[in-house]
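Everything below concerns the one structure shown next.
For the single chain, residues carry numbers from 1 onward in sequence order.
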Amino acid sequence: MIDVAVIGAGSAGLVAARHLISAGLRPVLFEAAKTIGGAWTPSSAVHTTSSDKRQSQHDDEYHHPASKMWSGMRTNLSKYTCQYTDFPWPEEASTFPTGEEIHDYLQSYSDTFLQEDPSSCEFLMQCRVTNVSCCSTMPLSTDNEEANYKVEWLDVTTQRTHCRDFGGVVIASGFFHTPCMPSFLNDKINSKNDSSGKRPQILHSSQYRTHEQFKGKNVAVVGGSFSSLEIASDVSKSAARVVSILPSIPWVIPRWIYKFHPLLSSEPVGNTKTITILPSDLALYQRTQPFQGEVTELTPEMCQERHQYVQSLVGRKQRFSPLGEPTNWNEPTIVAISDEYVDLVNEEKIHAIQGRLVGINDDGSLQLDTWSQRSQWSQPATEAHDALADIDCVICATGYKPNLHNFLSSEILSTLDYDQDDKFSPLTLAFDTLHPSLPNLAFCGLYKGPYMGVMDLQARLAAKLMSGSISIEDEAYKSALKTSETMRKSSPRQQFPHFYPDLMDTLIQVLNQGDPSDCDGKFGIVIPPLYQKDERLREQCRLDLTREIKRGQDGSRMPKLVLSSILGSWSYDRKIVHLQTGKHEHVSGTVKYSKYWTRDCDEDNNTALPGVDNPVLYREDGVYEFSPTQKFDVFREYEYEVKDDALEIYFVEGGKRAHMFLSLKFVPTVEEEGGQWVKATSDHLCIKDLYSATFRVKLNGLSASEIIIKYRVKGPAKDYESTTILMPVAGQQ
């Protein structure tokens with residue numbers, strides 16, 4: 001049996017080991033930490049390998065050196081994407097798992113497939129690989145019986161060095177390994193000279209653990225990625241002030257979005273399509289046509305088309321926020337996923353500035369270059385200076401780079417054309433996995449944007465090649481290397497080197513020697529279980545997708561989507577008609593739906609900003625025209641809250657929530673009279689008066705562009721109809 005060194009026991013290393021065993025090879029996993037899980041290990045964790053379980057019961061918690069988790073962090077991709085091809089999540093698992101849930105998933109995967117048995121698998125924990133080199137001069141042997149690579153490592157516990165030859169090596173040490181900081185900040189971090197005592201604390205996002213450690217502080221978060229926006233949102237719960245410094249403006253979409261999808265029903269309904277609310281990855285990662293090969297470079301026209309598509313999803317909310325939209329549609333789209341960021345910016349809980357952090361002044365204030373309307377970098381504007389005074393802490397969500405130069409020989413690095421400063425694509429590889437000049441050496445999960453499905457297919461490809469069950473023709477290698485080189489040289493670069501579905505389809509075609517038959521296209525949705533041959537698992541995957549789509553169409557997810565869509569300021573016009581007398585009354589003014597609010601009387605009791613599930617406050621201010629000569633000012637407040645599958649509205653009296661007014665249920669259909677309208681109805685008996693309510697909301701992407709609220713009120717002394725039309729305030733239509 002051939003021994004294969006697997007460097008890293010995170011999500012990539014575990015799946016590599018599993019497929020090496022299936023191919024009849026013996027993996028030896030090297031992990032520098034005490035636990036498996038890599039970046040997905042909670043910031044404080046106990047030992048989790050089979051050999052360490054008894055010992056770990058007596059150990060204190062310790063910080064995993066590779067952990068990138070913070071308290072409460074959730075994935076920005078759903079469990080349908082965050083899974084291996086043959087290891088589905090249980091149905092009751094969170095749709096968007098926490099970091100802890102992902103780690104438990106990896107632990108369960110390891111327990112299922114990697115029970116430590118010296119004859120089939122070996123874990124070397126707390127063993128840091130220091131060098132991987134070729135055993136002989138180039139070219140290496142493709143005979144798996146020969147030793148091709150020498151691996152040297154340090155046992156961290158004993159500080160003894162070891163060396164051993166292997167028939168193959170899988171590099172699974174992770175792309176997100178070494179934190180990157182702006183170069184000028186490194187001097188600030190390392191310097192102990194701060195005579196003024198005003199220099200802010202400087203952290204990398206990998207060091208962020210919880211918002212509570214920043215209570216009452218002024219925090220600047222640097223970067224425009226998922227982690228930057230999510231950390232800015234999280235820290236706003238406790239910080240006194242949050243400034244978000246973005247080098248470019250991304251499109252920000254929430255975890256749940258809607259698309260029109262054929263209605264799934266037990267009864268035939270033809271080709272009817274309806275609003276379907278799905279995890280964003282299921283809505284975005286779909287095939288619209290058969291795979292024709294990867295797109296290596298985007299033309300301006302292709303970029304414009306993608307911007308237009310994302311804008312159609314987002315609607316007007318971002319356009320009219322202080323954040324604004326991306327302006328250069330000739331360059332590739334940048335998309336960040338965050339549920340709360342745009343709303344927090346809109347409600348001035350986060351101050352967003354487009355610019356680059358370029359220095360820290362002697363007084364501790366932050367120096368920026370900000371983007372001017374002349375489309376060139378200029379000196380900081382006064383507003384930016386004002387916003388960045390008195391900053392207590394700077395959190396840099398400025399990315400990572402791999403550490404391959406710390407343990408791969410110069411000969412191997414030269415063959416791979418390695419660039420340690422390239423955070424986009426540091427290696428030239430075929431299928432992001434292999435190089436023909438380095439047989440039996442493979443990379444798994446070492447690319448920007450590592451998805452578990454891709455890791456699974458990369459691991460399967462490496463195992464099949466090392467076991468000799470498949471081979472790749474020279475022309476296929478040459479074509480794949482050229483694709484890699486083109487992507488590395490592209491300018492401007494895409495957000496990620498590969499479009500996820502394209503890379504999945506490319507890998508499965510290589511594995512199947514040109515046959516893409518594993519790519520199941522019933523719904524067009526790309527998820528890992530459809531890329532393997534176990535028909536039982538594939539059918540279960542189809543059932544899971546069907547169930548998810550039906551839930552997205554039954555109206556139960558509509559309240560939360562609608563409540564998010566109506567946040568902000570509106571003008572309103574209300575007409576009241578008394579049916580028996582024919583008398584007309586009129587009310588007009590403004591309405592504001594606020595998500596992050598507190599009562600003045602409660603401020604002393606609040607320790608954190610209300611979170612994502614906080615009730616939305618409806619505040620109406622207007623003028624009531626009782627008659628042509630009688631007018632008076634009015635205001636009213638309600639609280640809106642999602643409970644299960646209903647949108648509940650409560651009276652607010654004396655500044656406090658009173659009894660419930662309405663419980664709105666949305667019908668799972670859409671009316672297309674001049675737009676995409678969704679509707680909810682409710683009846684409420686208020687003492688002796690029956691209120692029959694109809695709410696209609698016109699959706700423009702994830703933003704509402706019009707709201708119509710109708711009441712039919714009937715009782716012993718009341719018989720009237722009230723129709724209120726809300727439109728975005730001037731300038732935000």
Side-chain angles (χ1 to χ4, degrees), residues 8 10-16 18-19 37-40 68 73-89 93 95-97 99 101-103 105-106 109 170-177 225-227 253 255 278-287 291 294-295 335-337 399-400 402 423-425 427 429 431-433 442-462 484 487 494-511 518-520 524-532 537 541 544-545:
S11 52
L14 296 177
V15 73
R18 180 259 192 277
H19 286 297
W40 287 111
K68 308 297 186 292
M73 175 181 170
R74 289 189 178 274
T75 60
N76 60 347
L77 302 171
S78 73
K79 65 182 179 182
Y80 300 103
T81 298
C82 296
Q83 64 176 322
Y84 297 122
T85 61
D86 56 358
F87 199 68
W89 285 85
T95 304
F96 291 92
E101 288 176 305
I102 291 283
H103 184 262
Y105 174 88
L106 296 176
Y109 184 84
V170 176
I171 310 296
S173 54
F175 188 89
F176 302 103
H177 188 279
S225 64
F226 160 75
S227 59
I253 63 175
R255 286 173 172 80
L278 294 172
S280 57
D281 48 316
L282 297 191
L284 294 174
Y285 295 147
Q286 296 189 10
R287 294 187 197 86
F291 178 56
E294 287 202 73
V295 176
V335 176
I337 297 176
Y400 300 85
K423 296 192 292 182
F424 179 74
S425 182
L427 303 168
L429 290 170
F431 320 113
D432 262 5
T433 310
F443 292 82
C444 186
L446 204 130
Y447 68 101
K448 187 178 181 182
Y451 293 82
M452 295 173 77
V454 172
M455 294 178 196
D456 196 310
L457 298 187
Q458 287 179 314
R460 207 187 307 171
L461 177 59
S484 177
M487 287 183 174
Q494 302 181 56
Q495 185 174 7
F496 301 105
H498 302 272
F499 181 49
Y500 164 61
D502 287 355
L503 184 54
M504 291 286 284
D505 288 352
T506 296
L507 287 166
I508 200 66
Q509 286 191 0
V510 177
L511 278 164
D518 282 1
C519 306
D520 188 301
I525 296 174
V526 174
I527 57 175
L530 298 177
Y531 286 78
Q532 46 81 41
L537 288 175
C541 175
D544 290 342
L545 283 179

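Considering CZ of Phe226 and CE of Met73, their distance stands at 4.5 Å, rounded to 0.5 Å. Separating the CH2 atom in Trp40 from the CG atom in Leu106 is a distance of 8.5 Å, to the nearest 0.5 Å.
In terms of the ring pair (Phe, Tyr, Trp, His ring centres under 6.0 Å) criterion, residue partners of Tyr500 (sequence neighbours excluded) are, by chain and number, Tyr285, Tyr451. Applying the side chain to side chain donor-acceptor pair (under 3.5 Å) rule to Ser425 yields no partners; only residues at least two apart in sequence or on another chain are considered. Applying the ring pair (Phe, Tyr, Trp, His ring centres under 6.0 Å) test to Phe96 and every residue at least two apart in sequence or in another chain returns Trp256.
In this structure, the side chains of Phe499 and Val295 stay at 4.5 Å or more apart for every pair of heavy atoms. Using a 4.5 Å cut-off on side-chain heavy atoms (C-beta onward), His498 and Val454 make no contact. Contact check for Tyr80 versus Ile525: no side-chain heavy atoms found under the 4.5 Å cut-off. At a threshold of 4.5 Å between non-hydrogen side-chain atoms, the residues Pro529 and Leu537 do not count as touching. The side-chain heavy atoms of Ile253 and Leu284, taken from C-beta on, include a pair separated by under 4.5 Å. Annotation: side chain of Asp456 is not in contact with side chain of Gln532 (no heavy-atom distance under 4.5 Å).
A donor-acceptor pair under 3.5 Å links the side-chain atoms of Arg255 to the main chain of Thr75, judged by distance alone.
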